[in-house]
Protein chains: 6
Amino acid sequence: MPLTPLPNLIVEPIVRQALLEDLGRAGDITTDAVAPPDCMAKTVMAARQEGVVAGLDLAALAFRLIDPAVSFKPVLADGAFVSPGATVATVEGAARGILSAERVALNFVGRLSGIASATAKLAAAVAHTNARIVCTRKTTPLLRSIEKYAVRAGGGANHRFGLDDAALIKDNHIAIAGGVAEAIGRVRANVGHLVKIEVEVDTLAQLEEALGAGVDAVLLDNMSLDDLRRGVNIIRGRAVSEASGRVTLESAPEIAATGVDLISVGWLTHSAPTLDVGLDTMT
Amino acid sequence: MPLTPLPNLIVEPIVRQALLEDLGRAGDITTDAVAPPDCMAKTVMAARQEGVVAGLDLAALAFRLIDPAVSFKPVLADGAFVSPGATVATVEGAARGILSAERVALNFVGRLSGIASATAKLAAAVAHTNARIVCTRKTTPLLRSIEKYAVRAGGGANHRFGLDDAALIKDNHIAIAGGVAEAIGRVRANVGHLVKIEVEVDTLAQLEEALGAGVDAVLLDNMSLDDLRRGVNIIRGRAVSEASGRVTLESAPEIAATGVDLISVGWLTHSAPTLDVGLDTMT
Amino acid sequence: MPLTPLPNLIVEPIVRQALLEDLGRAGDITTDAVAPPDCMAKTVMAARQEGVVAGLDLAALAFRLIDPAVSFKPVLADGAFVSPGATVATVEGAARGILSAERVALNFVGRLSGIASATAKLAAAVAHTNARIVCTRKTTPLLRSIEKYAVRAGGGANHRFGLDDAALIKDNHIAIAGGVAEAIGRVRANVGHLVKIEVEVDTLAQLEEALGAGVDAVLLDNMSLDDLRRGVNIIRGRAVSEASGRVTLESAPEIAATGVDLISVGWLTHSAPTLDVGLDTMT
Amino acid sequence: MPLTPLPNLIVEPIVRQALLEDLGRAGDITTDAVAPPDCMAKTVMAARQEGVVAGLDLAALAFRLIDPAVSFKPVLADGAFVSPGATVATVEGAARGILSAERVALNFVGRLSGIASATAKLAAAVAHTNARIVCTRKTTPLLRSIEKYAVRAGGGANHRFGLDDAALIKDNHIAIAGGVAEAIGRVRANVGHLVKIEVEVDTLAQLEEALGAGVDAVLLDNMSLDDLRRGVNIIRGRAVSEASGRVTLESAPEIAATGVDLISVGWLTHSAPTLDVGLDTMT
Amino acid sequence: MPLTPLPNLIVEPIVRQALLEDLGRAGDITTDAVAPPDCMAKTVMAARQEGVVAGLDLAALAFRLIDPAVSFKPVLADGAFVSPGATVATVEGAARGILSAERVALNFVGRLSGIASATAKLAAAVAHTNARIVCTRKTTPLLRSIEKYAVRAGGGANHRFGLDDAALIKDNHIAIAGGVAEAIGRVRANVGHLVKIEVEVDTLAQLEEALGAGVDAVLLDNMSLDDLRRGVNIIRGRAVSEASGRVTLESAPEIAATGVDLISVGWLTHSAPTLDVGLDTMT
Amino acid sequence: MPLTPLPNLIVEPIVRQALLEDLGRAGDITTDAVAPPDCMAKTVMAARQEGVVAGLDLAALAFRLIDPAVSFKPVLADGAFVSPGATVATVEGAARGILSAERVALNFVGRLSGIASATAKLAAAVAHTNARIVCTRKTTPLLRSIEKYAVRAGGGANHRFGLDDAALIKDNHIAIAGGVAEAIGRVRANVGHLVKIEVEVDTLAQLEEALGAGVDAVLLDNMSLDDLRRGVNIIRGRAVSEASGRVTLESAPEIAATGVDLISVGWLTHSAPTLDVGLDTMT
């Protein structure tokens with residue numbers, strides 16, 4: 001299942017805006033003053049930590065948008081494991097272009113690789129089960145497309161991308177509708193035939209009601225391991241089962257062992273630390 | 001030293017774009033199906049963790065841009081400490097508007113409060129010294145203005161905002177110029193009189209050279225505590241001294257004790273975990 | 001099943017861009033020359049044809065963006081049937097604002113009402129069956145959100161909104177994959193759990209293969225009425241059935257009578273004629 | 001009188017926005033899952049109906065913006081007549097790029113060719129006269145430039161492009177000014193010397209008044225054939241004469257026979273059905 | 001002939017972008033540090049030079065976009081003459097908002113008033129004749145709409161607004177076409193009936209040729225006063241006559257005395273000095 | 001000290017917007033009608049006045065964005081002196097592209113060269129002193145980056161680029177704070193360590209207070225030559241000294257002779273007349 005790159009049409013405006021944010025009104029005044037236009041540099045993008053790399057297309061774009069003549073050659077592909085010191089890519093060309101784009105390129109690679117790395121660790125922790133790790137809508141504002149991509153790069157799967165591509169009925173919706181089945185009914189009556197419906201349930205009673213009403217997936221929120229197991233038993237394949245809440249590297253295998261199909265983790269995108277990646281000059 | 005809010009002109013486009021990212025082409029199909037237009041809700045934005053809150057203006061905007069009639073009343077101000085369970089704001093109005101904007105509002109508050117909280121912890125750790133905590137350019141792409149603001153909300157100070165508002169001479173620049181003094185000279189000859197110059201030095205010899213050439217600030221990068229102490233002694237107030245590298249809650253007080261003026265920390269903005277903040281319906 | 005308005009955040013940029021397209025660089029030079037600023041007008045937006053009205057929010061926005069003091073009062077709601085001459089809304093205020101925004105407002109209402117009207121006619125033609133009318137991705141470039149909304153206003157339902165919110169496997173995909181089942185397998189392995197999969201089949205053999213592989217919906221493309229009936233029999237509720245191709249007001253009831261769940265119609269959005277709606281000055 | 005292509009600067013943002021509308025946040029998930037990156041395709045864009053083709057530059061751009069390596073070779077030029085089955089262009093390259101851009105490319109070509117085809121039919125119907133077919137401002141919001149271009153591709157001519165490039169005095173303006181001559185006077189006093197003035201008149205008396213005041217063109221709105229003839233006689237070349245209202249393929253020759261210079265038709269742009277154009281894989 | 005304000009839809013994006021250009025990533029750091037939020041200010045916008053004021057709507061917008069609570073009350077209207085010291089408007093509200101928007105507001109008013117003032121001086125110099133002063137396309141990039149408005153505010157008239165709203169045949173076009181009449185013929189065959197055609201001629205022979213071919217206006221470029229007089233005699237009202245080249249306050253009356261209808265002046269928009277306008281705190 | 005070009009990322013959006021402003025909705029209708037697509041032209045961009053050229057990158061972009069096949073070859077570099085008639089660049093290619101982009105290209109080169117030329121004259125007038133000429137924030141809205149660049153091209157230096165990259169304490173700030181020292185203290189407490197602080201002083205007493213409080217630069221506003229001399233004596237290198245107010249070609253040398261470091265001049269950017277540059281066809 002190879003990783004498909006995001007369309008350039010989606011990615012380029014983000015990289016462009018990030019560069020403009022850094023260049024400000026006057027550009028890289030330090031590099032412009034120090035480096036003559038004909039000064040060349042050979043650099044290596046290298047990981048300083050173990051993890052999974054992601055975002056190389058964005059780094060390539062950052063250099064290319066600053067200076068189309070800079071050569072960015074990826075040594076690894078997004079989704080590859082890296083050990084500390086591993087070369088990720090070589091970047092060669094005018095020193096001006098390389099130094100001016102460096103920070104933005106690394107900010108993208110660091111963030112996306114951080115997400116991919118966290119995802120990969122969790123995925124490895126449940127690799128012996130059928131459970132998959134999925135992300136949520138708790139992404140960084142303006143970066144949802146690329147953060148969801150990073151989750152895929154790390155071996156995880158994606159939950160819905162927004163409020164509009166799938167229905168997720170939560171506790172507030174249930175309260176407003178006056179019940180699980182009523183909420184499901186209202187949604188089914190209003191959405192198109194290609195929209196899936198998932199319901200977040202807090203209790204096994206709600207789960208039964210949801211399954212009775214018919215749903216594509218159920219989100220078993222913050223349930224004990226026992227209740228998760230019972231829930232999976234109740235579901236018996238009638239819907240996709242998703243567990244969420246208090247997922248850690250330690251708890252993930254136990255949650256996965258309950259038989260749930262999916263384990264969703266908000267912190268993959270909102271709190272995964274950056275992977276330390278740097279740019280080293282070759283001498 | 002009160003915290004000044006960012007201009008709405010800077011903040012609103014970011015919030016607007018974040019909402020559009022979540023609404024997609026069809027909007028909040030779940031809430032639209034479940035909640036009648038006249039269904040009202042009273043909710044409370046509450047912290048679920050200890051920390052420092054930031055980003056309430058962005059949350060307010062998220063609700064207002066979705067539904068101008070929603071009332072968002074902050075109970076605390078950005079920069080305030082919160083304990084778990086503390087009410088941050090009340091949000092009342094049509095359930096549709098509140099539920100549709102909820103995730104985006106929380107994504108902003110969670111991220112910015114996470115940065116503010118991490119900054120505040122570090123700031124507290126060095127509060128008995130003269131050292132201040134500062135951030136770097138390792139910010140989330142497209143969010144630099146608001147992340148730098150969050151650092152201020154947490155009691156930290158800001159480093160430069162981009163490549164153009166101050167000169168920071170790094171190892172690569174020194175290598176290209178052929179020496180610290182030459183690099184400083186090139187920069188001084190090219191930048192305006194309101195641009196400060198900082199040099200990153202790895203050795204005390206470089207530090208001496210930099211001070212000899214005259215700079216506004218020196219970045220003592222990855223130096224031992226002993227070298228930091230020696231560096232501070234050498235500087236004697238001739239430049240602002242900044243330490244960076246391997247800063248943790250544990251190491252920060254020791255670094256601060258060397259007498260440096262500033263401790264810069266990249267992970268405040270690139271790796272601080274989100275502060276858990278939620279929206280609870282009042283019953 | 002009431003119609004939910006589109007979020008203003010989605011609609012306003014479209015209306016704003018449409019007005020700027022019409023105003024050009026100098027604005028409404030005719031009205032500015034003729035009408036003094038204090039000249040008031042009372043006008044009525046009226047249908048000149050029978051149909052279903054849609055797009056009143058966009059008309060309201062067009063007037064408001066040109067002159068916030070213009071009062072636009074809808075008499076009918078989107079989705080309402082109109083007979084020729086029926087008043088749709090009253091528009092009162094400065095003549096300048098009303099005349100400058102008139103054309104753009106009418107262009108929106110005419111187009112969206114045209115789509116809603118065509119949809120409503122088709123929906124009425126199959127109202128005695130269980131079949132629903134759905135649109136396609138053959139929408140006017142840049143107007144997909146509002147055209148899909150107009151279909152809902154006319155009593156139809158929406159197909160997917162883009163390439164990313166559901167998988168639709170077509171003949172080319174099947175040819176590339178080397179078979180229906182293989183194509184389905186590749187898609188299922190790559191998309192998230194909230195993404196539905198539909199397959200377009202040309203033959204009953206392909207239909208059997210698709211159902212065997214498991215899909216959410218099947219698109220029976222350009223099949224004879226006999227084959228549609230056989231297809232429905234084969235499906236027996238294992239998937240949503242959708243018929244497409246050569247749908248007209250005449251053929252729709254016959255197609256619906258085969259028992260298909262959905263009838264998809266590209267010309268609702270790409271070729272429905274505008275509903276004639278005008279703005280009349282009250283005297 | 002060859003057709004000049006629109007500047008790429010005008011067209012590209014429209015095509016880009018249309019592609020982004022279709023790609024959404026995740027891109028073409030079906031094609032990405034099914035087609036390996038190295039899978040090549042040879043396709044032919046072919047007309048399925050008789051008509052006049054337009055919009056090939058936009059189709060070329062759609063493919064190029066998705067994948068610059070896709071080769072789009074037009075076989076016909078915009079403005080050419082096509083019979084059913086005629087090849088319009090060949091499109092070759094990676095299957096991914098071709099399939100992902102296909103719908104957007106066809107949506108543009110279908111719509112613009114539909115307009116060009118309708119225009120060409122009307123133009124042919126009056127070809128034996130001196131009358132020319134012109135469009136109006138009743139265009140699709142956001143697409144005015146390209147729809148006016150399609151009218152030219154079909155052999156029609158353009159009316160004004162917006163509210164600002166020519167003055168068109170309508171009934172409401174006349175009512176506000178208190179008369180035809182007064183309205184004309186106010187406009188002439190306010191607009192630049194390169195702005196033409198046209199007046200819409202409902203009666204021959206108004207026509208006389210307009211000609212007396214001096215105008216560049218008169219719009220004879222909804223007049224009987226007899227009145228049109230009388231109007232033309234009255235005008236005697238002192239102004240361009242334009243007829244509008246109830247123009248059909250049947251009525252157009254009769255209207256043209258009255259001697260008017262121009263026949264303007266709103267439905268060319270607001271209600272012309274799409275020309276059916278498809279993309280066929282070559283085997 | 002009162003001055004009509006530009007639509008807010010056209011003006012607001014320009015003012016917004018100008019403010020963002022000045023605020024940068026961190027806003028007005030000086031004012032934010034010095035002025036408490038509740039510090040109020042009463043200020044007066046006053047002319048320091050004689051001239052004609054223009055751009056007050058843009059100034060009002062600048063203050064409003066920074067702080068909607070600031071009260072901007074124009075004392076004069078655009079187009080009014082001011083003597084040194086004259087109060088143009090009062091601006092009251094929070095000191096923060098006023099000081100942060102001040103420079104942008106003054107930059108707009110200064111520039112537009114400078115254009116209006118230069119126009120007014122020239123207009124006065126020819127007021128005893130029938131000649132009118134008109135501007136050209138030599139405007140500041142991105143500011144054409146508002147600079148053309150400033151010319152109107154100063155009592156001048158506008159030439160075409162761009163390459164698309166009128167045809168202006170220049171020497172290069174004539175050379176390419178092989179003659180004045182041929183160039184006119186090509187243009188007339190290609191443009192709509194509401195597009196005027198002007199030809200730039202260098203000699204009286206070209207003028208005769210142009211009039212013979214029929215044009216709406218002739219631009220007599222860089223001709224001697226004698227030739228201008230002869231040209232006017234030749235034209236005899238068959239076309240609008242426009243003189244251009246070497247127009248100064250001194251030469252304008254002489255040029256006007258030749259009987260030309262229009263005198264066009266590029267430096268009104270590209271080289272008129274700013275009118276000195278300042279903001280004074282009332283004590 | 002060579003001149004560094006601005007990043008293309010900053011410049012291209014400005015040129016693109018300027019071209020769209022000129023092309024409008026229909027493009028260059030005159031050239032499109034007159035020039036066949038294969039008509040080639042060889043032209044020369046030439047100065048018609050003495051001065052310093054700037055903005056050639058923007059001109060190159062204007063031609064390239066209209067027609068990538070047009071060859072723009074600069075003969076001189078930005079910052080070079082030109083005499084009347086000097087060739088600045090050659091521009092060859094399709095006549096259509098060249099004629100359609102000509103005006104926008106010249107508008108940029110004329111304006112930026114005008115600023116560079118005015119700066120160069122002032123710089124030459126003080127070249128025998130240590131004083132440098134600097135610009136202000138009185139720039140054309142939306143063009144600050146490129147106008148500040150033009151000042152550098154003319155041999156001047158840049159003041160701050162906006163409200164956020166340096167603190168400039170003015171009379172209003174001092175009044176609000178209640179004194180020079182208090183204002184400085186508030187600013188220093190709130191801004192980062194890489195932000196310089198300048199204070200505008202009207203009297204020598206204020207100057208003493210400012211120096212006592214410690215600032216990076218002092219702006220001696222509208223002082224007599226005597227006071228400037230006294231001020232320089234007082235400062236004795238403790239801060240950068242800047243003089244402003246009533247700077248002309250005549251007064252500049254006298255001001256410079258007082259020993260001030262900088263002379264700031266608003267009219268360089270807001271009132272410098274365009275340098276006359278034209279495009280001539282080679283025969």
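All values below were derived from every heavy atom in this structure, side-chain atoms included, with hydrogens, water molecules and symmetry-related copies excluded. Chain A is the first sequence line, chain B the second, and so forth, proteins listed ahead of strands; every chain is numbered from 1.
Looking only at heavy-atom pairs under 4.5 Å with chain C, the residue among D:Leu106, D:Val191, D:Ile176, D:Asp22 that has the most is D:Asp22. The greatest number of non-hydrogen atom pairs below 4.5 Å with chain C, out of D:Val187, D:Leu142, D:Ile169, D:Leu168, is found for D:Leu142. Most heavy-atom pairs under 4.5 Å with chain D: of the set C:Pro273, C:Gly110, C:Pro141, this distinction falls to C:Pro141. The greatest number of non-hydrogen atom pairs below 4.5 Å with chain D, out of C:Gly162, C:Gly27, C:Ala177, is found for C:Gly27. Ranking D:Leu23, D:Leu279, D:Val104 against chain C, the residue ahead of the rest is D:Leu23, based on heavy-atom pairs under 4.5 Å. In terms of heavy-atom pairs under 4.5 angstrom with chain D, the leader among C:Gly266, C:Gly114, C:Ala26, C:Gly185 is C:Ala26. Between chain C and the options D:Arg144, D:Glu182, D:Lys170, heavy-atom pairs under 4.5 Å are most frequent for D:Arg144.
Here the CG-CG distance, from C:Asn107 to D:Leu143, works out to 11.0 Å after rounding to the nearest 0.5 Å. Taken to the nearest 0.5 Å, the CG atom of C:Asp164 stands 11.0 Å off from the OG atom of D:Ser100. To the nearest 0.5 Å, the span separating CG on D:Asn172 from CD on C:Glu102 amounts to 6.5 Å. The distance from atom CD of D:Glu21 to atom OG1 of C:Thr140, rounded to the nearest 0.5 Å, is 9.0 Å. To the nearest 0.5 Å, the span separating CZ on C:Arg103 from OG1 on D:Thr139 amounts to 8.5 Å.
Checking side-chain atoms of D:Thr274 against main-chain N and O of C:His270 turns up a donor-acceptor pair under 3.5 Å.
Residue contact with chain D, scored on non-hydrogen atoms closer than 4.5 Å, involves the backbone of C:Thr269 exclusively. Residue D:Ile14 touches chain C through both its backbone and its side chain, counting heavy-atom pairs closer than 4.5 Å. The part of D:Ala166 that comes within reach of chain C is its backbone (N, CA, C, O), which places non-hydrogen atoms under 4.5 angstrom from that chain. Proximity to chain C (any heavy atom under 4.5 Å) is shown, for D:Arg137, by both the backbone and the side chain. For C:Val15, no part lies under 4.5 angstrom from a heavy atom of chain D.
Between the side chains of D:His173 and C:Thr31, a donor-acceptor pair is found at a separation under 3.5 Å.
Side-chain contact between C:Gln17 and D:Gln17 is present, with heavy atoms from C-beta onward closer than 4.5 Å. In this structure the side chain of C:Ser271 never reaches within 4.5 angstrom of the side chain of D:Arg111, judged on heavy atoms.
Here the closest heavy-atom approach between residue D:Arg160 and residue C:Thr30 is recorded as NH1-OG1, 3.8 Å.
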How far apart are the C-alpha atoms of D:Val195 and C:Ile29, what are their side-chain angles, what is the distance that settles it, and do they pass the side chain to side chain contact (heavy atoms under 4.5 Å, CB included) test?
CA-CA 10 Å; D:Val195 173; C:Ile29 56 176; 3.6 Å; yes

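Dense packing is recorded around CD of D:Glu12, with more than 12 heavy atoms of other residues, nucleotides or ligands lying under 6.0 Å away. More than 12 heavy-atom neighbours from other residues, nucleotides or ligands sit within 6.0 angstrom of NZ on D:Lys196. Heavy-atom contacts from other residues, nucleotides or ligands closer than 6.0 Å to CD of D:Glu50 number 12 or fewer.
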